[in-house]
Engineer: 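Following this message is one structure expressed as structure tokens.
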Number of protein chains: 2
Amino acid sequence: MKKTSAQSSISSPKSEQDLALRQPLYVVVAHTLQKEIEQGKYTVGSVLPTEEMLVDRFQVSRHTIRQALRELKDQGLIQARAGIGTIVRTQPGKIWMMSGLNSLVDLLEFATETEMHILNTSTVTADRHLVKMIKCELGSKWLHMEILRCLPDQPRPLSFLKVYVQPKYAPKLKKLKHMREPIYAVLEREYGVRIAEVRQELTADSLDHDIAELVDATPGQAALSIIRHYYDSRGELVQIALGYYPSGRYTQTTRIHSKLDE
Amino acid sequence: MKKTSAQSSISSPKSEQDLALRQPLYVVVAHTLQKEIEQGKYTVGSVLPTEEMLVDRFQVSRHTIRQALRELKDQGLIQARAGIGTIVRTQPGKIWMMSGLNSLVDLLEFATETEMHILNTSTVTADRHLVKMIKCELGSKWLHMEILRCLPDQPRPLSFLKVYVQPKYAPKLKKLKHMREPIYAVLEREYGVRIAEVRQELTADSLDHDIAELVDATPGQAALSIIRHYYDSRGELVQIALGYYPSGRYTQTTRIHSKLDE
DNA sequence: AGGTATTTGTTCGTATGTATT
DNA sequence: GAATACATACGAACAAATACC
């Protein structure tokens, strides 16, 4: 007499869960609310239903509702204040599409909008120079690809990428010449790999002659250089990308929130 | 017979709580564990005590332990995996001190280590140019300060900052010429303002002549330009900072995690 | 100004599911 | 398959912040 009062309005009890969605309840709730915010059901500045009302609506415990709201809070989507309620802060996607990078979802979705032209592909062993560049293990082997990333309606490339992928994923990658989807999407489709975390390191640099020519920029021009390490859900490093973004073509916004301060 | 079994080993029952620390239990637990990781009690790669053991040790519920661990997880400090345990991923502070920016705490602590030389102070009204630069409201008034930020043992400045602060905080700021603490610390000490969120926008630029001279760099050299908007816990904008970091003097690392993907 | 209702924040307890060894 | 350890989910209560009268 405890199991009978479970889910009702958000996902069918057992039929649809078989193939696709066996997701936790709080994820379902969070997604539902996020979609509704995107669709304008709750506008920026407006107040979300109280936790108790959401409990009634989704027929889950307050604990589950709060966990869902915490996800949205961590994304900077909403802001909760005791005594007031939960207000919508920003509309996801809309404004930040091209520049935003607040969550992994944003990062990956942004990558989807670009075209990838693969210049060359090779297999490399990490020497000291490469170890220093991308902070991998000495002697480790990698599939190396050089890529130009372009936006559909822009004359000049967005960036030049040097990508290093674990060799076990080489078969499906090494013959590619052109992609409309990022490499992580290929890995997911072909190998079932899901990226769970990205760590990136960001500096300013001057473009050298070779790269400047590739991206149609002037040598010495300022550029963002970004090194990204991609990890799967088990914490294994699957991909490293080194990107050069000439100044004026890319801006990155980040949100840093405080929960633990002293 | 429920309240008597509360806190014991982490904070004295009622004596020390009066003046300073009336913090939630999970914050205390999180801080304690973080300090212990910093001090090497748990090294990188090692396994933290199980949640049940932590329940015994801190004499709090598992829910509270999990909330504490979630804080550390969100910072990228630890990684939990079912069936395995909770492993330490990175040692906070140590390596990333100069470069790291994973949480607001890192950002603010990093700022503490620098010396600020205030070049000049003035009051400005936002014109179209300023609105475009720092994305504030047209006609709003700001206390403007130009600052050189230096690291104690480095010959050249780390960065040049143009800072805009709400005029209501001007009295305690406008006569300053030198600080060993960042502006937010002054605001907190003098006005009780606590920064709860920072949004930053990051691009690469070439240094113009004036700024290059100030930071002892060559004109045209690449630099990170970072715009930061500081908000308090009520979501009010209290400060905007525009920083120029010549290439080679500053690197920023960020961690992006996925919890909600579809 | 002050008290009460509302709403989120924190904390306890308990049970079951899932991943790993 | 069994034991271990984290993940998810239920319920309940009180505290703290805010709004309203």
Side-chain angles (χ1 to χ4, degrees), chain A residues 1-8 10-11 13-14 17 21-30 46-56 58-73 78-88 194 196 232-236 258-260, chain B residues 1-8 10-11 13-14 17 21-30 46-56 58-73 78-88 194 196 232-235 259-260:
Chain A
M1 63 186 186
K2 224 175 217 169
K3 249 318 175 41
T4 47
S5 69
Q7 67 275 69
S8 68
I10 49 178
S11 74
K14 211 138 206 201
Q17 290 197 339
L21 47 139
R22 223 181 41 235
Q23 285 180 314
L25 286 177
Y26 73 91
V27 173
V28 178
V29 173
S46 70
V47 183
L48 235 55
T50 68
E51 293 175 353
E52 200 188 356
M53 289 162 72
L54 293 173
V55 166
D56 287 344
F58 289 103
Q59 291 294 301
V60 298
S61 71
R62 185 165 171 233
H63 183 46
T64 303
I65 293 294
R66 283 184 63 77
Q67 196 162 350
L69 291 178
R70 179 164 43 225
E71 299 288 334
L72 302 183
K73 238 180 298 185
I78 60 175
Q79 181 183 25
R81 287 178 57 190
I84 306 269
T86 308
I87 60 180
V88 180
R194 294 191 66 82
D232 66 14
S233 58
R234 289 196 300 285
E236 194 184 14
S258 140
K259 281 182 291 187
L260 220 75
Chain B
M1 63 189 186
K2 221 178 220 167
K3 250 324 173 42
T4 47
S5 68
Q7 66 275 69
S8 66
I10 48 177
S11 75
K14 211 136 206 206
Q17 291 196 341
L21 46 138
R22 222 181 43 233
Q23 287 181 315
L25 286 177
Y26 73 90
V27 173
V28 178
V29 173
S46 69
V47 183
L48 234 54
T50 67
E51 294 177 353
E52 200 188 356
M53 288 163 74
L54 292 174
V55 165
D56 287 344
F58 289 104
Q59 291 295 298
V60 298
S61 73
R62 180 154 177 247
H63 187 49
T64 302
I65 293 294
R66 283 184 62 76
Q67 197 162 350
L69 291 177
R70 178 164 44 224
E71 298 289 332
L72 301 182
K73 236 181 300 183
I78 61 175
Q79 181 185 26
R81 287 178 58 190
I84 306 271
T86 308
I87 60 179
V88 180
R194 294 192 66 84
D232 66 14
S233 58
R234 287 196 300 284
K259 282 181 291 188
L260 222 76

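Chain letters run A, B, ... following the sequence lines, proteins first and then strands; every chain starts at 1. The figures that follow rest on heavy atoms only: side chains count, while hydrogens, waters and symmetry mates do not.
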Engineer: Atom CD1 of B:I78 and atom C1' of D:dA7: how far apart are they, to the nearest Å?
Structural biologist: 14 Å
Engineer: From C-beta outward on B:L25, which listed nucleotide comes closest to its side chain: C:dC12, C:dT8, D:dC10?
Structural biologist: C:dC12
Engineer: Rounded at 0.5 Å granularity, tell me how far CG in A:L69 sits from CZ in A:R66.
Structural biologist: 7.5 Å
Engineer: Starting at CD1 of B:I78, measure out to NZ of B:K73 and round the result to the nearest 0.5 Å.
Structural biologist: 6.5 Å
Engineer: Rounded to the Å, how far apart are A:R66 CZ and C:dT10 P?
Structural biologist: 7 Å
Engineer: Between C:dT10, D:dA9, C:dT21, spot the one nearest the side chain of B:I84, thanks.
Structural biologist: C:dT21
Engineer: Please give, in whole Å, the distance from D:dC6 P to B:L69 CG?
Structural biologist: 8 Å
Engineer: Closest approach to the side chain of B:T50, judged atom by atom: which nucleotide of C:dT10, D:dA5, C:dT8 is it?
Structural biologist: D:dA5
Engineer: Nearest whole Å is fine: how far is D:dA12 P from A:I65 CD1?
Structural biologist: 16 Å
Engineer: Answer yes or no: does a side-chain N or O of B:T86 lie under 4.0 Å from OP1 or OP2 of D:dC6?
Structural biologist: yes
Engineer: Pick the nucleotide of DNA chain D nearest each of A:A82 and B:M53; which residue has the one closer to the 5' end?
Structural biologist: B:M53
Engineer: Can you tell me how far P of D:dT8 sits from CD of B:E51, to the nearest Å?
Structural biologist: 11 Å
Engineer: Scan B:S61 against the nucleic acid and name what it touches under 4.0 Å (heavy atoms): base, sugar-phosphate only, or nothing.
Structural biologist: base
Engineer: Would you indicate, yes or no, if C:dC12 has its OP1 or OP2 atom less than 4.0 angstrom from a side-chain nitrogen or oxygen of B:T64?
Structural biologist: yes
Engineer: What is the distance, to the nearest angstrom, from the CD atom on B:Q79 to the C1' atom on D:dC6?
Structural biologist: 12 Å
Engineer: To the nearest Å, how far apart are B:R70 CZ and C:dT10 P?
Structural biologist: 10 Å
Engineer: Quick one: is C:dG13 close enough that its OP1 or OP2 comes under 4.0 Å of any side-chain N or O from B:R62?
Structural biologist: no
Engineer: Name the closest nucleotide to the A:H63 side chain, picking from D:dC10, D:dA7, D:dT8.
Structural biologist: D:dC10
Engineer: Would you say B:Y26 places a side-chain N or O within less than 4.0 Å of OP1 or OP2 belonging to C:dT10?
Structural biologist: yes
Engineer: Taking the side chain as every heavy atom from C-beta outward, state whether B:L72 and B:T86 have any atom pair closer than 4.5 Å.
Structural biologist: no
Engineer: Are any non-hydrogen side-chain atoms of A:Q67 and A:R70 less than 4.5 angstrom apart?
Structural biologist: yes
Engineer: Please give, in whole Å, the distance from D:dA9 P to A:Q67 CD?
Structural biologist: 7 Å
Engineer: Taking for each residue the nucleotide of DNA chain D with the nearest heavy atom, is it B:P49 or A:G83 whose nucleotide lies nearer the 5' end?
Structural biologist: B:P49
Engineer: How many angstroms lie between OG1 in A:T64 and CG in A:L25, if you round to the nearest 0.5 Å?
Structural biologist: 6.0 Å
Engineer: At under 4.0 Å, does any side-chain N or O of A:R81 touch on OP1 or OP2 of D:dT18?
Structural biologist: yes
